There are 2 protein chains.
Amino acid sequence: MPSKKSAAARPVKRVPRRSVLSDDIYEMIKAMIFDHEIAPGAKVNIDALAVQLDVSQTPVREALARLESDGLIAKEPLKGYKATALLSLKEFNDLFQFRLLIEPWAAEQAAKLVDNTGKTALKAEMQSANTALKISGDDQFQALTEHDARFHALIASISGNQSVADSYERTHCHLHLFRLFMANRLHQIDGESRAKFVQELFDEYYQAGSGQLAIKEHDVIAKAIIAQNSKAARTAMHAHIESSLKRFAPAAQSINKK
Amino acid sequence: MPSKKSAAARPVKRVPRRSVLSDDIYEMIKAMIFDHEIAPGAKVNIDALAVQLDVSQTPVREALARLESDGLIAKEPLKGYKATALLSLKEFNDLFQFRLLIEPWAAEQAAKLVDNTGKTALKAEMQSANTALKISGDDQFQALTEHDARFHALIASISGNQSVADSYERTHCHLHLFRLFMANRLHQIDGESRAKFVQELFDEYYQAGSGQLAIKEHDVIAKAIIAQNSKAARTAMHAHIESSLKRFAPAAQSINKK
DNA sequence: GAATACTATTTCGTATAGTATGTTTAATAT
DNA sequence: ATATTAAACATACTATACGAAATAGTATTC
(Lines give C-alpha, C1' and ligand atoms only; values in the text may rest on other atoms or scores of the structure.)
Protein backbone atom coordinates (compact mmCIF):
# COMPACT_ATOMS: atom_id res chain seq x y z
CA MET A 1 0.00 0.00 0.00
CA PRO A 2 1.47 3.32 -1.02
CA SER A 3 2.32 5.75 1.71
CA LYS A 4 0.51 9.02 2.02
CA LYS A 5 3.60 10.82 0.83
CA SER A 6 3.79 8.99 -2.48
CA ALA A 7 0.09 9.43 -2.97
CA ALA A 8 0.47 13.13 -2.49
CA ALA A 9 3.47 13.16 -4.77
CA ARG A 10 1.79 11.97 -7.94
CA PRO A 11 -0.29 14.58 -9.70
CA VAL A 12 -3.83 14.58 -8.42
CA LYS A 13 -6.10 13.74 -11.29
CA ARG A 14 -9.26 13.86 -9.22
CA VAL A 15 -9.53 17.59 -9.68
CA PRO A 16 -13.06 18.05 -11.09
CA ARG A 17 -14.80 17.43 -7.79
CA ARG A 18 -17.30 19.87 -9.18
CA SER A 19 -20.12 20.18 -6.77
CA VAL A 20 -23.53 19.41 -8.07
CA LEU A 21 -25.68 22.44 -8.74
CA SER A 22 -28.39 21.05 -6.54
CA ASP A 23 -26.05 21.16 -3.55
CA ASP A 24 -24.98 24.70 -4.28
CA ILE A 25 -28.58 25.81 -4.44
CA TYR A 26 -29.23 24.10 -1.13
CA GLU A 27 -26.45 26.07 0.50
CA MET A 28 -27.56 29.29 -1.13
CA ILE A 29 -31.12 28.99 0.10
CA LYS A 30 -29.90 28.07 3.56
CA ALA A 31 -27.75 31.19 3.52
CA MET A 32 -30.74 33.24 2.44
CA ILE A 33 -32.65 31.97 5.45
CA PHE A 34 -29.68 32.59 7.67
CA ASP A 35 -29.33 36.26 6.80
CA HIS A 36 -33.04 36.99 6.65
CA GLU A 37 -33.17 37.42 2.89
CA ILE A 38 -35.96 34.93 3.36
CA ALA A 39 -37.77 36.09 6.47
CA PRO A 40 -39.14 33.67 9.06
CA GLY A 41 -42.60 32.54 8.02
CA ALA A 42 -42.25 34.00 4.54
CA LYS A 43 -43.62 32.12 1.58
CA VAL A 44 -41.09 30.61 -0.77
CA ASN A 45 -42.12 30.71 -4.39
CA ILE A 46 -40.31 28.00 -6.27
CA ASP A 47 -40.58 29.65 -9.63
CA ALA A 48 -39.47 33.04 -8.36
CA LEU A 49 -36.55 31.48 -6.52
CA ALA A 50 -35.47 29.60 -9.63
CA VAL A 51 -35.55 32.80 -11.65
CA GLN A 52 -33.71 34.71 -8.97
CA LEU A 53 -30.96 32.12 -8.73
CA ASP A 54 -30.97 31.70 -12.49
CA VAL A 55 -31.48 27.97 -12.50
CA SER A 56 -34.34 25.70 -13.41
CA GLN A 57 -36.89 24.45 -10.92
CA THR A 58 -35.42 20.97 -10.61
CA PRO A 59 -32.44 21.78 -8.36
CA VAL A 60 -34.58 24.20 -6.36
CA ARG A 61 -37.15 21.52 -5.66
CA GLU A 62 -34.45 19.11 -4.49
CA ALA A 63 -32.93 21.75 -2.26
CA LEU A 64 -36.29 22.60 -0.72
CA ALA A 65 -37.03 18.94 -0.10
CA ARG A 66 -33.80 18.66 1.85
CA LEU A 67 -34.41 21.89 3.72
CA GLU A 68 -37.78 20.62 4.75
CA SER A 69 -36.19 17.46 6.08
CA ASP A 70 -33.84 19.75 8.00
CA GLY A 71 -36.81 21.53 9.55
CA LEU A 72 -35.72 24.87 8.11
CA ILE A 73 -38.63 25.05 5.71
CA ALA A 74 -42.15 23.69 6.04
CA LYS A 75 -44.18 22.27 3.24
CA GLU A 76 -47.93 22.55 3.02
CA PRO A 77 -49.10 20.16 0.32
CA LEU A 78 -50.43 21.96 -2.73
CA LYS A 79 -49.86 25.31 -1.08
CA GLY A 80 -46.13 25.58 -1.20
CA TYR A 81 -43.14 26.05 1.03
CA LYS A 82 -42.69 28.55 3.84
CA ALA A 83 -39.65 29.36 5.90
CA THR A 84 -40.22 28.04 9.39
CA ALA A 85 -41.25 30.55 12.02
CA LEU A 86 -38.90 31.75 14.69
CA LEU A 87 -38.47 29.47 17.65
CA SER A 88 -41.18 29.87 20.24
CA LEU A 89 -40.01 30.12 23.82
CA LYS A 90 -40.93 26.50 24.37
CA GLU A 91 -39.10 25.32 21.26
CA PHE A 92 -36.14 27.38 22.33
CA ASN A 93 -36.06 25.74 25.74
CA ASP A 94 -36.58 22.29 24.24
CA LEU A 95 -33.68 22.82 21.90
CA PHE A 96 -31.35 23.78 24.71
CA GLN A 97 -32.54 20.90 26.82
CA PHE A 98 -31.69 18.61 23.94
CA ARG A 99 -28.27 20.12 23.65
CA LEU A 100 -27.74 19.58 27.38
CA LEU A 101 -28.39 15.91 26.83
CA ILE A 102 -25.78 15.36 24.16
CA GLU A 103 -23.15 18.07 24.24
CA PRO A 104 -21.73 17.64 27.74
CA TRP A 105 -21.33 13.98 26.94
CA ALA A 106 -19.70 14.86 23.63
CA ALA A 107 -17.23 17.16 25.36
CA GLU A 108 -16.40 14.45 27.87
CA GLN A 109 -15.77 11.92 25.13
CA ALA A 110 -13.79 14.44 23.12
CA ALA A 111 -11.47 14.95 26.09
CA LYS A 112 -10.97 11.20 26.33
CA LEU A 113 -10.36 10.57 22.65
CA VAL A 114 -8.78 13.74 21.30
CA ASP A 115 -5.54 13.34 19.32
CA ASN A 116 -3.03 15.88 18.08
CA THR A 117 -5.08 16.65 14.99
CA GLY A 118 -8.06 17.44 17.18
CA LYS A 119 -6.03 19.61 19.51
CA THR A 120 -4.66 21.58 16.60
CA ALA A 121 -8.11 22.08 15.16
CA LEU A 122 -9.42 23.31 18.50
CA LYS A 123 -6.60 25.81 18.84
CA ALA A 124 -7.18 27.05 15.31
CA GLU A 125 -10.87 27.52 15.98
CA MET A 126 -10.15 29.56 19.07
CA GLN A 127 -7.83 31.70 17.00
CA SER A 128 -10.64 32.39 14.55
CA ALA A 129 -12.80 33.47 17.47
CA ASN A 130 -10.30 36.11 18.42
CA THR A 131 -10.19 37.30 14.84
CA ALA A 132 -13.96 37.58 14.84
CA LEU A 133 -13.84 39.79 17.91
CA LYS A 134 -12.06 42.44 15.87
CA ILE A 135 -14.93 42.86 13.44
CA SER A 136 -17.70 45.32 14.25
CA GLY A 137 -21.48 45.55 13.98
CA ASP A 138 -23.83 42.84 12.78
CA ASP A 139 -21.02 41.25 10.83
CA GLN A 140 -19.28 40.57 14.09
CA PHE A 141 -22.34 38.89 15.47
CA GLN A 142 -22.52 36.72 12.37
CA ALA A 143 -18.84 35.87 12.54
CA LEU A 144 -19.12 34.95 16.20
CA THR A 145 -22.21 32.88 15.54
CA GLU A 146 -20.44 30.98 12.81
CA HIS A 147 -17.49 30.38 15.08
CA ASP A 148 -19.91 29.12 17.70
CA ALA A 149 -21.43 26.68 15.21
CA ARG A 150 -18.04 25.39 14.07
CA PHE A 151 -16.75 25.09 17.63
CA HIS A 152 -19.60 22.94 18.86
CA ALA A 153 -19.64 20.86 15.68
CA LEU A 154 -15.94 20.28 16.04
CA ILE A 155 -16.30 18.94 19.54
CA ALA A 156 -19.15 16.69 18.48
CA SER A 157 -16.92 15.43 15.72
CA ILE A 158 -13.98 14.81 18.05
CA SER A 159 -16.28 12.84 20.31
CA GLY A 160 -16.10 10.17 17.64
CA ASN A 161 -19.80 9.40 17.66
CA GLN A 162 -21.31 10.10 14.26
CA SER A 163 -24.88 9.81 15.50
CA VAL A 164 -24.24 12.48 18.08
CA ALA A 165 -22.42 14.74 15.65
CA ASP A 166 -25.18 14.41 13.07
CA SER A 167 -27.92 15.09 15.56
CA TYR A 168 -26.16 18.21 16.71
CA GLU A 169 -25.71 19.48 13.16
CA ARG A 170 -29.34 18.88 12.40
CA THR A 171 -30.49 21.14 15.22
CA HIS A 172 -29.14 24.08 13.18
CA CYS A 173 -29.17 25.86 16.49
CA HIS A 174 -26.78 28.59 15.41
CA LEU A 175 -29.06 29.43 12.52
CA HIS A 176 -32.09 29.60 14.77
CA LEU A 177 -30.30 31.73 17.33
CA PHE A 178 -29.03 34.09 14.69
CA ARG A 179 -32.53 34.51 13.31
CA LEU A 180 -33.86 35.25 16.77
CA PHE A 181 -31.25 37.87 17.29
CA MET A 182 -31.69 39.47 13.89
CA ALA A 183 -35.45 39.56 14.28
CA ASN A 184 -34.95 41.71 17.33
CA ARG A 185 -32.29 43.69 15.60
CA LEU A 186 -34.60 44.50 12.72
CA HIS A 187 -37.13 45.91 15.14
CA GLN A 188 -34.71 48.58 16.19
CA ILE A 189 -36.64 51.05 14.08
CA ASP A 190 -39.69 50.49 16.24
CA GLY A 191 -38.36 52.53 19.08
CA GLU A 192 -35.48 53.65 21.14
CA SER A 193 -36.12 51.29 24.00
CA ARG A 194 -35.95 48.36 21.64
CA ALA A 195 -32.72 49.57 20.14
CA LYS A 196 -31.23 49.85 23.56
CA PHE A 197 -32.48 46.41 24.46
CA VAL A 198 -30.84 44.88 21.42
CA GLN A 199 -27.56 46.56 22.09
CA GLU A 200 -27.60 45.36 25.64
CA LEU A 201 -28.49 41.91 24.48
CA PHE A 202 -25.54 41.87 22.17
CA ASP A 203 -23.17 43.19 24.79
CA GLU A 204 -24.43 40.71 27.29
CA TYR A 205 -24.05 37.87 24.88
CA TYR A 206 -20.57 38.44 23.68
CA GLN A 207 -18.91 41.11 25.73
CA ALA A 208 -20.31 40.99 29.21
CA GLY A 209 -18.14 41.75 32.20
CA SER A 210 -14.52 41.96 31.27
CA GLY A 211 -15.47 41.08 27.70
CA GLN A 212 -15.98 38.14 25.38
CA LEU A 213 -17.95 36.05 27.79
CA ALA A 214 -19.00 33.30 25.45
CA ILE A 215 -15.56 33.10 23.92
CA LYS A 216 -14.08 32.77 27.37
CA GLU A 217 -16.40 29.89 28.07
CA HIS A 218 -15.31 28.28 24.84
CA ASP A 219 -11.76 28.74 25.93
CA VAL A 220 -12.37 26.88 29.17
CA ILE A 221 -13.92 24.01 27.28
CA ALA A 222 -11.15 23.88 24.69
CA LYS A 223 -8.46 23.91 27.35
CA ALA A 224 -10.14 21.11 29.28
CA ILE A 225 -10.37 18.95 26.17
CA ILE A 226 -6.77 19.64 25.18
CA ALA A 227 -5.70 18.77 28.72
CA GLN A 228 -7.80 15.61 28.33
CA ASN A 229 -9.62 16.39 31.53
CA SER A 230 -12.93 14.76 30.68
CA LYS A 231 -14.84 15.73 33.81
CA ALA A 232 -13.85 19.36 33.50
CA ALA A 233 -14.80 19.34 29.84
CA ARG A 234 -18.24 17.97 30.63
CA THR A 235 -19.01 20.47 33.36
CA ALA A 236 -17.62 23.37 31.35
CA MET A 237 -19.82 22.47 28.40
CA HIS A 238 -22.84 22.08 30.62
CA ALA A 239 -22.23 25.46 32.19
CA HIS A 240 -21.67 27.07 28.81
CA ILE A 241 -24.96 25.83 27.37
CA GLU A 242 -26.92 26.91 30.43
CA SER A 243 -25.20 30.25 30.36
CA SER A 244 -25.94 30.61 26.68
CA LEU A 245 -29.56 29.73 27.31
CA LYS A 246 -29.85 32.47 29.88
CA ARG A 247 -28.26 34.98 27.55
CA PHE A 248 -30.61 34.22 24.70
CA ALA A 249 -33.81 33.68 26.65
CA PRO A 250 -34.78 37.37 26.56
CA ALA A 251 -34.61 37.35 22.77
CA ALA A 252 -36.78 34.26 22.55
CA GLN A 253 -39.21 35.68 25.05
CA SER A 254 -39.58 39.07 23.41
CA ILE A 255 -40.44 37.42 20.10
CA ASN A 256 -43.18 35.45 21.76
CA LYS A 257 -44.77 38.55 23.17
CA LYS A 258 -45.03 40.16 19.75
CA MET B 1 -64.25 31.96 19.08
CA PRO B 2 -66.25 28.80 18.39
CA SER B 3 -65.83 25.90 20.76
CA LYS B 4 -64.28 22.66 19.65
CA LYS B 5 -67.61 20.94 19.87
CA SER B 6 -69.32 23.29 17.44
CA ALA B 7 -66.34 23.04 15.14
CA ALA B 8 -66.62 19.27 15.16
CA ALA B 9 -70.37 19.45 14.68
CA ARG B 10 -70.42 21.22 11.37
CA PRO B 11 -69.58 19.11 8.35
CA VAL B 12 -65.87 19.02 7.73
CA LYS B 13 -65.19 20.66 4.43
CA ARG B 14 -61.45 20.07 4.55
CA VAL B 15 -61.84 16.67 3.00
CA PRO B 16 -59.42 16.83 0.05
CA ARG B 17 -56.28 16.39 2.12
CA ARG B 18 -55.01 14.50 -0.89
CA SER B 19 -51.43 13.64 -0.27
CA VAL B 20 -48.89 14.87 -2.73
CA LEU B 21 -47.43 12.25 -5.01
CA SER B 22 -43.96 13.25 -3.99
CA ASP B 23 -44.70 12.28 -0.38
CA ASP B 24 -46.18 8.95 -1.37
CA ILE B 25 -43.11 8.14 -3.40
CA TYR B 26 -40.94 9.04 -0.43
CA GLU B 27 -42.80 6.56 1.74
CA MET B 28 -42.72 3.91 -0.97
CA ILE B 29 -38.99 4.12 -1.44
CA LYS B 30 -38.44 4.07 2.31
CA ALA B 31 -40.56 0.95 2.46
CA MET B 32 -38.51 -0.59 -0.33
CA ILE B 33 -35.39 0.00 1.69
CA PHE B 34 -37.05 -1.34 4.79
CA ASP B 35 -37.96 -4.67 3.26
CA HIS B 36 -34.81 -5.11 1.26
CA GLU B 37 -36.42 -4.58 -2.11
CA ILE B 38 -33.58 -2.11 -2.37
CA ALA B 39 -30.62 -3.91 -0.84
CA PRO B 40 -28.07 -2.14 1.36
CA GLY B 41 -25.42 -0.57 -0.83
CA ALA B 42 -27.41 -1.12 -4.00
CA LYS B 43 -27.41 1.54 -6.66
CA VAL B 44 -30.60 3.48 -7.10
CA ASN B 45 -31.31 4.54 -10.64
CA ILE B 46 -33.74 7.43 -10.75
CA ASP B 47 -35.02 6.64 -14.19
CA ALA B 48 -35.55 2.96 -13.46
CA LEU B 49 -37.27 3.77 -10.20
CA ALA B 50 -39.57 6.25 -11.90
CA VAL B 51 -40.56 3.65 -14.47
CA GLN B 52 -41.07 1.00 -11.82
CA LEU B 53 -43.31 3.23 -9.72
CA ASP B 54 -44.97 4.57 -12.84
CA VAL B 55 -44.33 8.22 -12.14
CA SER B 56 -42.07 10.84 -13.63
CA GLN B 57 -38.60 11.60 -12.38
CA THR B 58 -39.62 14.79 -10.63
CA PRO B 59 -41.22 13.30 -7.51
CA VAL B 60 -38.56 10.60 -7.37
CA ARG B 61 -35.83 13.21 -7.27
CA GLU B 62 -37.51 15.02 -4.39
CA ALA B 63 -38.02 11.81 -2.48
CA LEU B 64 -34.39 10.82 -2.89
CA ALA B 65 -33.22 14.24 -1.76
CA ARG B 66 -35.20 13.82 1.45
CA LEU B 67 -34.01 10.26 1.94
CA GLU B 68 -30.45 11.45 1.60
CA SER B 69 -31.07 14.04 4.25
CA ASP B 70 -32.42 11.22 6.40
CA GLY B 71 -29.21 9.30 5.92
CA LEU B 72 -31.02 6.38 4.33
CA ILE B 73 -29.53 6.99 0.92
CA ALA B 74 -26.16 8.41 -0.01
CA LYS B 75 -25.44 10.61 -2.97
CA GLU B 76 -22.17 10.60 -4.83
CA PRO B 77 -22.05 13.64 -7.08
CA LEU B 78 -22.30 12.70 -10.71
CA LYS B 79 -22.38 9.04 -9.84
CA GLY B 80 -25.84 8.71 -8.45
CA TYR B 81 -27.64 7.49 -5.37
CA LYS B 82 -26.96 4.33 -3.38
CA ALA B 83 -28.80 2.86 -0.47
CA THR B 84 -26.63 3.27 2.60
CA ALA B 85 -24.66 0.25 3.72
CA LEU B 86 -25.61 -1.74 6.76
CA LEU B 87 -24.49 -0.31 10.06
CA SER B 88 -20.93 -1.17 10.92
CA LEU B 89 -20.32 -2.41 14.44
CA LYS B 90 -19.03 1.01 15.40
CA GLU B 91 -22.00 2.82 13.89
CA PHE B 92 -24.26 0.38 15.65
CA ASN B 93 -22.66 1.08 19.00
CA ASP B 94 -22.68 4.82 18.37
CA LEU B 95 -26.36 4.73 17.57
CA PHE B 96 -27.18 2.94 20.79
CA GLN B 97 -24.97 5.25 22.78
CA PHE B 98 -26.91 8.15 21.31
CA ARG B 99 -30.19 6.54 22.25
CA LEU B 100 -28.89 6.07 25.80
CA LEU B 101 -28.32 9.81 25.96
CA ILE B 102 -31.84 10.83 25.03
CA GLU B 103 -34.30 8.02 25.62
CA PRO B 104 -33.92 7.46 29.36
CA TRP B 105 -34.41 11.19 29.81
CA ALA B 106 -37.42 11.07 27.50
CA ALA B 107 -38.96 8.26 29.52
CA GLU B 108 -38.37 10.16 32.72
CA GLN B 109 -40.03 13.27 31.34
CA ALA B 110 -42.87 11.23 29.91
CA ALA B 111 -43.59 9.83 33.36
CA LYS B 112 -43.69 13.34 34.74
CA LEU B 113 -45.89 14.86 32.06
CA VAL B 114 -48.10 12.03 30.82
CA ASP B 115 -51.83 12.73 30.73
CA ASN B 116 -54.78 10.44 30.17
CA THR B 117 -54.46 10.60 26.42
CA GLY B 118 -50.87 9.48 26.70
CA LYS B 119 -51.71 6.66 29.07
CA THR B 120 -54.41 5.41 26.73
CA ALA B 121 -52.03 5.52 23.79
CA LEU B 122 -49.42 3.57 25.72
CA LYS B 123 -51.91 0.90 26.66
CA ALA B 124 -53.11 0.64 23.08
CA GLU B 125 -49.57 0.25 21.83
CA MET B 126 -48.91 -2.57 24.28
CA GLN B 127 -52.05 -4.24 23.03
CA SER B 128 -50.73 -4.11 19.48
CA ALA B 129 -47.54 -5.74 20.70
CA ASN B 130 -49.48 -8.69 21.98
CA THR B 131 -51.29 -8.94 18.69
CA ALA B 132 -47.97 -8.97 16.88
CA LEU B 133 -46.81 -11.90 18.98
CA LYS B 134 -49.49 -14.05 17.41
CA ILE B 135 -48.10 -13.65 13.90
CA SER B 136 -45.43 -16.05 12.69
CA GLY B 137 -42.23 -15.95 10.67
CA ASP B 138 -40.53 -12.90 9.25
CA ASP B 139 -43.80 -11.05 9.30
CA GLN B 140 -43.80 -11.32 13.04
CA PHE B 141 -40.36 -9.86 13.23
CA GLN B 142 -41.47 -6.98 11.06
CA ALA B 143 -44.61 -6.44 13.11
CA LEU B 144 -42.61 -6.45 16.33
CA THR B 145 -40.05 -4.10 14.87
CA GLU B 146 -42.75 -1.69 13.86
CA HIS B 147 -44.28 -1.86 17.30
CA ASP B 148 -40.86 -1.16 18.72
CA ALA B 149 -40.52 1.93 16.54
CA ARG B 150 -43.95 3.23 17.47
CA PHE B 151 -43.44 2.55 21.16
CA HIS B 152 -40.21 4.49 21.42
CA ALA B 153 -41.52 7.31 19.24
CA LEU B 154 -44.61 7.53 21.41
CA ILE B 155 -42.57 7.97 24.56
CA ALA B 156 -40.39 10.58 22.91
CA SER B 157 -43.57 12.36 21.92
CA ILE B 158 -45.07 12.18 25.41
CA SER B 159 -41.86 13.65 26.78
CA GLY B 160 -43.09 16.89 25.26
CA ASN B 161 -39.75 17.87 23.79
CA GLN B 162 -40.01 18.16 20.02
CA SER B 163 -36.26 18.36 19.50
CA VAL B 164 -35.81 15.08 21.31
CA ALA B 165 -38.69 13.41 19.50
CA ASP B 166 -37.41 14.55 16.12
CA SER B 167 -33.88 13.45 16.79
CA TYR B 168 -35.11 10.01 17.77
CA GLU B 169 -37.24 9.68 14.65
CA ARG B 170 -34.35 10.68 12.48
CA THR B 171 -32.16 7.88 13.74
CA HIS B 172 -34.45 5.47 11.89
CA CYS B 173 -33.02 2.92 14.25
CA HIS B 174 -35.81 0.40 13.75
CA LEU B 175 -35.17 0.45 10.02
CA HIS B 176 -31.46 -0.09 10.49
CA LEU B 177 -32.00 -2.90 12.96
CA PHE B 178 -34.48 -4.60 10.70
CA ARG B 179 -32.06 -4.44 7.81
CA LEU B 180 -29.32 -5.92 9.96
CA PHE B 181 -31.54 -8.79 10.94
CA MET B 182 -32.81 -9.43 7.43
CA ALA B 183 -29.30 -9.37 6.02
CA ASN B 184 -28.47 -12.24 8.30
CA ARG B 185 -31.75 -13.91 7.55
CA LEU B 186 -31.07 -13.81 3.84
CA HIS B 187 -27.82 -15.63 4.39
CA GLN B 188 -29.64 -18.65 5.71
CA ILE B 189 -29.05 -20.36 2.42
CA ASP B 190 -25.31 -20.18 2.98
CA GLY B 191 -25.29 -22.91 5.54
CA GLU B 192 -26.99 -24.71 8.32
CA SER B 193 -24.96 -23.08 11.04
CA ARG B 194 -26.02 -19.69 9.83
CA ALA B 195 -29.66 -20.73 9.74
CA LYS B 196 -29.41 -21.94 13.28
CA PHE B 197 -27.67 -18.76 14.32
CA VAL B 198 -30.43 -16.64 12.88
CA GLN B 199 -33.13 -18.67 14.53
CA GLU B 200 -31.39 -18.37 17.83
CA LEU B 201 -30.95 -14.68 17.31
CA PHE B 202 -34.62 -14.26 16.69
CA ASP B 203 -35.62 -16.35 19.66
CA GLU B 204 -33.22 -14.52 21.85
CA TYR B 205 -34.45 -11.18 20.72
CA TYR B 206 -38.12 -11.62 21.14
CA GLN B 207 -38.84 -14.82 22.98
CA ALA B 208 -35.98 -15.51 25.32
CA GLY B 209 -36.59 -17.13 28.68
CA SER B 210 -40.20 -17.29 29.55
CA GLY B 211 -40.99 -15.47 26.31
CA GLN B 212 -41.36 -12.06 24.79
CA LEU B 213 -38.37 -10.54 26.49
CA ALA B 214 -38.35 -7.22 24.68
CA ILE B 215 -42.09 -6.86 25.00
CA LYS B 216 -41.81 -7.50 28.69
CA GLU B 217 -39.24 -4.77 28.97
CA HIS B 218 -41.58 -2.48 27.13
CA ASP B 219 -44.26 -3.41 29.57
CA VAL B 220 -42.11 -2.42 32.53
CA ILE B 221 -41.44 0.95 30.93
CA ALA B 222 -45.07 1.55 30.03
CA LYS B 223 -46.24 0.68 33.52
CA ALA B 224 -43.69 2.99 35.12
CA ILE B 225 -44.78 5.86 32.91
CA ILE B 226 -48.45 5.24 33.54
CA ALA B 227 -47.73 5.09 37.27
CA GLN B 228 -45.85 8.37 36.79
CA ASN B 229 -42.82 6.93 38.48
CA SER B 230 -40.18 8.92 36.64
CA LYS B 231 -37.11 7.33 38.18
CA ALA B 232 -38.35 3.84 37.43
CA ALA B 233 -39.19 4.85 33.89
CA ARG B 234 -35.69 6.19 33.35
CA THR B 235 -33.91 3.13 34.66
CA ALA B 236 -36.25 0.76 32.85
CA MET B 237 -35.61 2.52 29.56
CA HIS B 238 -31.89 2.52 30.16
CA ALA B 239 -31.91 -1.18 30.91
CA HIS B 240 -34.05 -1.89 27.89
CA ILE B 241 -31.73 -0.15 25.46
CA GLU B 242 -28.66 -1.82 26.90
CA SER B 243 -30.41 -5.13 26.78
CA SER B 244 -31.47 -4.50 23.21
CA LEU B 245 -27.92 -3.57 22.31
CA LYS B 246 -26.64 -6.87 23.66
CA ARG B 247 -29.27 -8.81 21.77
CA PHE B 248 -28.47 -7.19 18.45
CA ALA B 249 -24.71 -6.95 18.79
CA PRO B 250 -24.12 -10.42 17.30
CA ALA B 251 -26.02 -9.45 14.18
CA ALA B 252 -24.00 -6.29 13.77
CA GLN B 253 -20.79 -8.12 14.41
CA SER B 254 -21.43 -10.95 11.98
CA ILE B 255 -22.09 -8.45 9.22
CA ASN B 256 -18.77 -6.81 9.86
CA LYS B 257 -16.90 -10.07 9.53
CA LYS B 258 -18.34 -10.72 6.09
C1' DG C 1 1.78 -3.93 -20.17
C1' DA C 2 0.66 1.02 -19.44
C1' DA C 3 -1.02 5.20 -21.19
C1' DT C 4 -4.01 7.36 -24.29
C1' DA C 5 -8.11 7.97 -27.23
C1' DC C 6 -12.61 6.82 -28.30
C1' DT C 7 -17.38 5.22 -27.41
C1' DA C 8 -21.33 4.27 -24.51
C1' DT C 9 -23.85 4.98 -20.52
C1' DT C 10 -25.61 7.73 -16.95
C1' DT C 11 -26.23 11.64 -14.23
C1' DC C 12 -27.62 16.22 -14.00
C1' DG C 13 -29.92 20.17 -15.50
C1' DT C 14 -33.10 22.76 -18.76
C1' DA C 15 -37.27 23.81 -21.00
C1' DT C 16 -41.98 23.48 -21.63
C1' DA C 17 -46.55 21.99 -21.43
C1' DG C 18 -50.61 20.24 -19.00
C1' DT C 19 -53.40 19.38 -14.92
C1' DA C 20 -55.14 20.09 -10.40
C1' DT C 21 -55.65 22.83 -6.54
C1' DG C 22 -55.80 27.19 -4.03
C1' DT C 23 -56.87 32.16 -4.10
C1' DT C 24 -59.00 36.16 -5.49
C1' DT C 25 -62.40 38.84 -7.64
C1' DA C 26 -66.85 39.64 -9.29
C1' DA C 27 -71.60 38.74 -9.52
C1' DT C 28 -75.72 37.17 -7.58
C1' DA C 29 -79.05 36.14 -4.13
C1' DT C 30 -80.82 36.49 0.48
C1' DA D 1 -75.06 44.79 3.60
C1' DT D 2 -73.86 40.08 4.17
C1' DA D 3 -73.40 35.67 2.47
C1' DT D 4 -73.10 32.49 -1.13
C1' DT D 5 -71.78 31.12 -5.61
C1' DA D 6 -69.20 31.29 -9.80
C1' DA D 7 -65.76 32.60 -12.82
C1' DA D 8 -60.83 34.19 -13.50
C1' DC D 9 -56.37 33.92 -12.15
C1' DA D 10 -52.12 32.25 -9.99
C1' DT D 11 -49.36 28.67 -8.46
C1' DA D 12 -48.01 24.00 -7.15
C1' DC D 13 -47.34 19.65 -8.98
C1' DT D 14 -46.39 16.22 -12.53
C1' DA D 15 -45.00 14.60 -17.11
C1' DT D 16 -41.97 14.47 -20.97
C1' DA D 17 -38.26 15.38 -23.96
C1' DC D 18 -33.86 17.00 -24.84
C1' DG D 19 -28.95 18.34 -24.19
C1' DA D 20 -24.52 18.91 -21.77
C1' DA D 21 -21.02 16.95 -18.92
C1' DA D 22 -18.93 13.43 -16.41
C1' DT D 23 -18.02 8.54 -15.61
C1' DA D 24 -17.13 3.87 -17.08
C1' DG D 25 -15.83 0.73 -20.24
C1' DT D 26 -13.34 -0.60 -24.50
C1' DA D 27 -10.05 -0.39 -27.95
C1' DT D 28 -5.82 1.27 -29.80
C1' DT D 29 -1.12 2.60 -29.78
C1' DC D 30 3.48 2.77 -28.12
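The analysis underlying the following values was restricted to heavy atoms, covering all of them including side chains, and did not include hydrogens, waters or symmetry mates. Not measured: the values here are computed from a predicted model. In what follows, chains are A, B, ... by sequence order, proteins preceding strands, each numbered from 1.
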Participant: Send over the distance from A/I73 CD1 to D/dA12 C1', rounded to a whole Å.
Facilitator: 15 Å
Participant: Measuring only between side-chain heavy atoms, which start at C-beta, is B/L177 closer than 4.5 Å to B/F96?
Facilitator: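 Yes. Closest side-chain heavy atoms under 4.5 Å.
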Participant: Under a 4.0 Å heavy-atom cut-off, which of residues 48-62 of chain A touch DNA chain C?
Facilitator: A/V55, A/S56, A/T58, A/P59
Participant: Tell me: NZ of B/K75 to P of C/dT11, nearest whole Å?
Facilitator: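 It is 13 Å, rounded to the nearest whole Å.
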Participant: For A/D23 and C/dC12, what is the distance between atoms CG and P respectively, to the nearest whole Å?
Facilitator: 9 Å
Participant: Between the two ends of the helix from C/dG1-D/dC30 to C/dT30-D/dA1, what is the bend in degrees, rounded to 10 degrees, where each end axis spans five pairs?
Facilitator: 10°
Participant: Of all the nucleotides listed (D/dA12, D/dC13, C/dT23), which has the minimum atom distance to the side chain of B/V20?
Facilitator: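 Between D/dA12, D/dC13, C/dT23, the one nearest the side chain of B/V20 would be D/dC13.
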Participant: Answer yes or no: does a side-chain N or O of A/K79 lie under 4.0 Å from OP1 or OP2 of C/dT23?
Facilitator: yes
Participant: I need the CG-P distance between B/D47 and C/dT11, as an integer number of Å.
Facilitator: 8 Å
Participant: Under 4.0 Å, counting only non-hydrogen atoms across every strand here, what does A/N45 touch: a base, just sugar-phosphate, or nothing?
Facilitator: sugar-phosphate
Participant: Less than 4.5 Å apart, side chain to side chain, heavy atoms only: is that true for A/I73 and A/I33?
Facilitator: yes
Participant: Any side-chain heavy atom of B/E103 sitting closer than 4.5 Å to one from B/I155?
Facilitator: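 Heavy-atom side-chain distance check fails, nothing below 4.5 Å.
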Participant: Nearest-Å distance, NZ (A/K82) to P (D/dA12)?
Facilitator: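 To the nearest whole Å, that distance equals 13 Å.
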Participant: Quick one: side-chain hydrogen bond (donor to acceptor under 3.5 Å, both in side chains) partners of A/N93, sequence neighbours excluded?
Facilitator: none
Participant: What is the distance from CG of B/L78 to P of D/dA20, rounded to the nearest Å?
Facilitator: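 Spelled out: CG on B/L78 to P on D/dA20 is 17 Å.
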Participant: For a side-chain contact (heavy atoms from CB on, under 4.5 Å) with A/Y26, tell me which candidate from A/L64, A/V60, A/D70 qualifies.
Facilitator: A/D70
Participant: Hey, are B/D94 and B/K90 close enough for a salt bridge, meaning a charged N less than 4.0 Å from a carboxylate O?
Facilitator: yes
Participant: For the side chain of A/S157 and the backbone of A/A153, is there at least one donor-acceptor N/O pair under 3.5 Å apart?
Facilitator: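 No, the answer is negative, given that no donor and acceptor are paired below the 3.5 Å cut-off.
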Participant: Quick one: do the A/R150 and A/S128 side chains pair a donor with an acceptor below 3.5 Å?
Facilitator: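 Result is yes, a qualifying pair exists.
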Participant: Mind checking whether B/F178 and B/F34 have parallel, tilted or perpendicular rings, split at 30° and 60°?
Facilitator: parallel
Participant: In whole Å, I'd like the distance from the NZ atom of A/K43 to the C1' atom of C/dT23.
Facilitator: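 For the pair A/K43 NZ and C/dT23 C1', the rounded distance is 11 Å.
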Participant: Over how many whole Å does the gap from B/L21 atom CG to D/dT14 atom P extend?
Facilitator: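 After rounding, the gap between these two atoms is 5 Å.
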